[in-house]
2 protein chains.
Amino acid sequence: MIQVLLVDDHKIFTEGLSFILANEADIAVVGECQNALQVKQLLASQAIDVVLLDINLGQDSGLDLCRYIHEHYASTKILAISMYQEESFISKMLKNGASGYLLKNTGREELLKAIRSVYQGGNYQSAVVTEIIMKGLSRQKQQEHNIYQLRFTRREKEVLELIAKGLTTREMANVLFISEKTVETHRSNLLAKFDVKNVVSLLKVAIEYGYVK
Amino acid sequence: MIQVLLVDDHKIFTEGLSFILANEADIAVVGECQNALQVKQLLASQAIDVVLLDINLGQDSGLDLCRYIHEHYASTKILAISMYQEESFISKMLKNGASGYLLKNTGREELLKAIRSVYQGGNYQSAVVTEIIMKGLSRQKQQEHNIYQLRFTRREKEVLELIAKGLTTREMANVLFISEKTVETHRSNLLAKFDVKNVVSLLKVAIEYGYVK
DNA sequence: AAAAAAATCAGGGTTTACCCTGATAAGATT
DNA sequence: AATCTTATCAGGGTAAACCCTGATTTTTTT
């Protein structure tokens, strides 16, 4: 009997999955969680074989939770579920210990196949996901400037957020207790990293790629 | 028997719903659609009582589809489902003919209640949604400056879009064949209407409220 | 220990954004 | 006919953004 835990902040989704899985003789849903805390508590009290984990857990980070589970419960397999087919998400989840990545637009059959596959120690990626990863890999080789894998320093993130709040250079300098010149440097670096020429474009791209909300 | 149609581009979600609803004696799921075209075709061939409609249909706009259904099949009730609790989304859906709005984090019980309620000609809003709408309404009354009902002139819309593309005043002037001063006037009017003090905030608010994508 | 990355700041410059007042003219509305 | 809205443009100013070069110190990585 495969002990399965469902994790998604959308209750109706986990309930739906629960109904789907209820029909399978070899699968038992032992819990449905809406947030990271619930998951940690449940894992502490009970052995779980497979966790169906949504990346987007509202407040909590599905990524962090994924790593947590993988580190603390090595034998528990994780199947990431997401509606986003961004390559960055997928590769991050896989790096953080997920044995598979499913999109929410996959069907019941594939879900069942994936659960059984990872339970037996294997991996499972849907065809679509595999394709995306492949494309990502080849893209990485070709073009150096990949906006999905930009890395920012602590300060750059802070400045980006303050820019998004509409603060001017002077205001940011006051908030961060650094000189205006330093703020300008960080902003300038951000513009270069995003390959844009003014803050308006910066903000737009940053929102578009989820770096700020 | 309530004839229900499920519309969501995430197959696994509609399948989950389908399983949930299968247990109810008075409800029959007569179809699951992943896009607008499928919905239109199915509606043309079959009478539907209630459509569970996700706002986010990938390519297609759930909003437009909502209006389409409401206009062409007046007796068909629409229950909007979304993971977003933005007041703008909710009110837009309700304006476009939805009889109710559910968040994806509502449970099975509430879903069933909502379906039966709208089927009988009523409306249904979950407590959370009601609260959000109320807040929105009271906000409208209190503060005269209601960002949701701002009206823009043709030029203002054009300038806003160009700003969002990151163009400078000069570039906009060239594109629109008007003087820089005129562009400045339009931009200035936009800043005033949105009640912000620079283009960065302008863009952010405009994106937030759906005036630009 | 050495190298790389990150954070800090400055001078000095150009460009763009932003603000205010004021004005004209065409088109829509009442 | 009178009014309102929209679109157009100008002068003249301040503030902010943006660019380039160059530099020091701290932190992190190798």
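All chains are named by letter (A, B, ...) in the order of the sequence lines, taking the proteins before the strands, and each is independently numbered beginning at 1.
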Engineer: Please list residues of residues 172-190 of chain A whose heavy atoms come under 4.0 Å from any atom in DNA chain D, ordered by number; otherwise none.
Structural biologist: A/Lys181, A/Glu184, A/Arg187
Engineer: State, to the nearest 10°, the angle formed by the axis through the first five base pairs of the helix from C/dA1-D/dT30 to C/dA28-D/dT3 and the axis through its last five.
Structural biologist: 60°
Engineer: OP1, OP2 of C/dT8 versus side-chain N and O of A/Arg155: anything below 4.0 Å?
Structural biologist: yes
Engineer: Walk along DNA chain D from 5' to 3' and tell me the first and last nucleotide with an atom closer than 4.0 Å to a non-hydrogen atom of chain B.
Structural biologist: D/dT6 to D/dG12
Engineer: Tell me, for nucleotides 24-30 of chain C in 5' to 3' order, what letter each nucleotide earns: B for a base near a protein heavy atom under 4.0 Å, S for only sugar-phosphate near one, - for neither?
Structural biologist: -------
Engineer: Give every donor-acceptor pair under 3.5 Å between a side-chain atom in residues 39-48 of chain A and any protein atom, sequence neighbours left out.
Structural biologist:
residue, atom, partner, partner atom, Å
A/Ser45, OG, A/Leu42, O, 3.0

Engineer: I'd like to check the side-chain contact (heavy atoms from CB on, under 4.5 Å) partners of A/Glu158; sequence neighbours left out, ordered by chain and number.
Structural biologist: A/Arg154, A/Arg155, A/Leu176
Engineer: Flag yes if more than 12 heavy atoms outside A/Lys165 fall under 6.0 Å of its NZ atom; otherwise flag no.
Structural biologist: no
Engineer: Looking at A/Thr153, I'd like to know whether one of its side-chain N or O atoms comes within less than 4.0 Å of OP1 or OP2 on C/dA7.
Structural biologist: yes
Engineer: Would you call A/Thr168 and B/Lys197 a side-chain contact if the rule is heavy atoms closer than 4.5 Å?
Structural biologist: yes
Engineer: Would you say the side chain of B/Ser99 lies within less than 4.5 Å of the side chain of B/Ile78, judging by non-hydrogen atoms?
Structural biologist: no
Engineer: Do B/Thr182 and B/Thr185 get their side chains close enough for a donor-acceptor pair, meaning under 3.5 Å?
Structural biologist: no
Engineer: What verdict does the side chain to side chain contact (heavy atoms under 4.5 Å, CB included) test give for A/Leu79 and A/Ile115, after you've listed the backbone C-alpha separation in whole Å, the side-chain angles of each residue and the deciding distance to 0.1 Å?
Structural biologist: CA-CA 7 Å; A/Leu79 251 181; A/Ile115 292 176; 3.9 Å; yes
Engineer: Heavy-atom distance under 4.5 Å between the side chains of A/Lys157 and A/Leu160, does that happen here?
Structural biologist: no
Engineer: What I want to find out is whether A/Arg108 reaches A/Glu24 closely enough, with some N-O distance under 4.0 Å, to be called a salt bridge.
Structural biologist: yes
Engineer: Does a salt bridge link B/Lys193 with B/Glu156, judged by any charged N lying under 4.0 Å from a carboxylate O?
Structural biologist: yes
Engineer: I need the B/Thr14 OG1 to B/Leu52 CG distance, nearest 0.5 Å.
Structural biologist: 10.5 Å
Engineer: So, A/Glu32 and A/Ser18: side-chain donor and acceptor under 3.5 Å apart, yes or no?
Structural biologist: yes
Engineer: To the nearest 0.5 Å, how far apart are CE in A/Met1 and CD1 in A/Ile27?
Structural biologist: 8.5 Å
